[in-house]
Amino acid sequence: QVQLVESGGELVQAGDSLRLSCAASGRTYSGNSMAWFRQAPGKEREFVAVITWSADSTYYADSVKGRFTISKDNAKNMVYLQMNSLQPEDTAIYYCAADRFGLAATNKNAYTYWGQGTQVTVSS
């Protein structure tokens with residue numbers, strides 16, 4: 001089992017920056033891919049960004065490319081999402097997720113482990 005705990009969500013204004021953190025514990029290993037998803041009210045959970053645990057490859061949704069950066073600290077078992085130039089449409093609950101096979105997928109069904117989420121609200 002892998003446990004994930006997100007933190008860092010808060011209410012900010014449009015144009016502000018925010019950094020989300022995800023602490024991983026349990027049976028983490030170098031094969032996991034780590035991703036961020038988000039879910040706005042009344043919408044499906046959508047892919048935001050993914051990073052491979054060992055290869056440092058990253059991939060982003062078009063909606064956040066150039067504004068968000070995913071990174072990790074293997075020594076601390078932490079994954080981060082730096083979000084810049086936030087817009088009201090970025091308002092959502094942000095979830096950290098880990099897969100089991102290092103696929104670095106964008107489909108939420110590929111991820112086995114999920115955190116409880118952290119709320120990000122961007123006011124205009």
Side-chain angles (χ1 to χ4, degrees):
Q1 286 284 358
V2 176
Q3 292 79 44
L4 303 172
V5 179
E6 305 95 333
S7 61
E10 62 180 84
L11 172 64
V12 296
Q13 293 188 335
D16 284 353
S17 296
L18 200 59
R19 189 178 82 157
L20 304 183
S21 299
C22 173
S25 61
R27 289 190 172 185
T28 59
Y29 70 108
S30 61
N32 293 122
S33 296
M34 302 295 295
W36 288 94
F37 286 78
R38 66 186 182 186
Q39 188 167 16
K43 294 188 176 182
E44 294 285 324
R45 191 171 298 189
E46 65 174 5
F47 167 78
V48 175
V50 62
I51 187 167
T52 55
W53 196 257
S54 58
D56 272 346
S57 296
T58 59
Y59 185 72
Y60 298 91
D62 288 343
S63 59
V64 306
K65 199 173 296 182
R67 298 188 300 125
F68 291 11
T69 302
I70 188 171
S71 63
K72 58 180 177 57
D73 184 333
N74 286 349
K76 296 181 179 179
N77 277 352
M78 295 290 295
V79 180
Y80 305 100
L81 185 68
Q82 177 66 42
M83 306 185 293
N84 299 329
S85 301
L86 283 163
Q87 299 301 316
E89 51 265 35
D90 295 317
T91 295
I93 299 174
Y94 283 71
Y95 296 91
C96 179
D99 71 1
R100 294 175 61 190
F101 305 111
L103 299 177
T106 61
N107 189 319
K108 61 182 183 294
N109 295 323
Y111 292 84
T112 303
Y113 308 106
W114 293 86
Q116 81 290 349
T118 186
Q119 177 71 50
V120 173
T121 304
V122 185
S123 64
S124 57

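A distance of 10.5 Å separates CZ of F101 from CG of N32, quoted to the nearest 0.5 Å. Atom CD of Q39 sits about 7.0 Å away from atom CD1 of I93, to the nearest 0.5 Å.
Annotation for V120 and G9: closest pair CG2-CA, 4.0 Å, computed over non-hydrogen atoms. For the residue pair Y111 and A104, the shortest heavy atom distance occurs at OH-C, 3.8 Å. Closest approach of A40 and A92 over heavy atoms only: N-CB, 3.8 Å. Scanning both residues, S63 and R38, for their nearest heavy atoms gives OG-NH2, 3.5 Å. For the residue pair Q116 and V5, the shortest heavy atom distance occurs at OE1-CA, 3.8 Å.
When hydrophobic clusters are built by joining Ile, Leu, Val, Met, Phe, Trp and Tyr residues whose side-chain heavy atoms come closer than 4.5 Å, directly or via intermediates, F47 is not grouped with V64. In the hydrophobic clustering of this structure, M83 groups with I70; members are Ile, Leu, Val, Met, Phe, Trp, Tyr whose side-chain heavy atoms approach within less than 4.5 Å, directly or through other members. Cluster membership for V50 and W36, using ILVMFWY side-chain heavy atoms within less than 4.5 angstrom, is not shared.
Y60 is not listed as a side-chain neighbour of T106, based on a closest heavy-atom distance of 4.5 Å or more. In this structure the side chain of T52 reaches within 4.5 angstrom of the side chain of S33, judged on heavy atoms. Counting heavy atoms from C-beta on, the side chains of K76 and S21 never come closer than 4.5 Å.
With M34 as the partner, the side chain to side chain contact (heavy atoms under 4.5 Å, CB included) test is satisfied by one option alone out of D99, V2, L4: L4.
With sequence neighbours excluded, the residues satisfying side chain to side chain donor-acceptor pair (under 3.5 Å) with S17 are N84.
A cation-pi arrangement is absent between R45 and F37, since the terminal nitrogen or guanidinium carbon is not both under 6.0 Å from the aromatic centre and inside a 45° cone about the axis.
The aromatic rings of Y95 and W114 sit perpendicular, their planes meeting at an angle over 60°, well past the 30° parallel limit.
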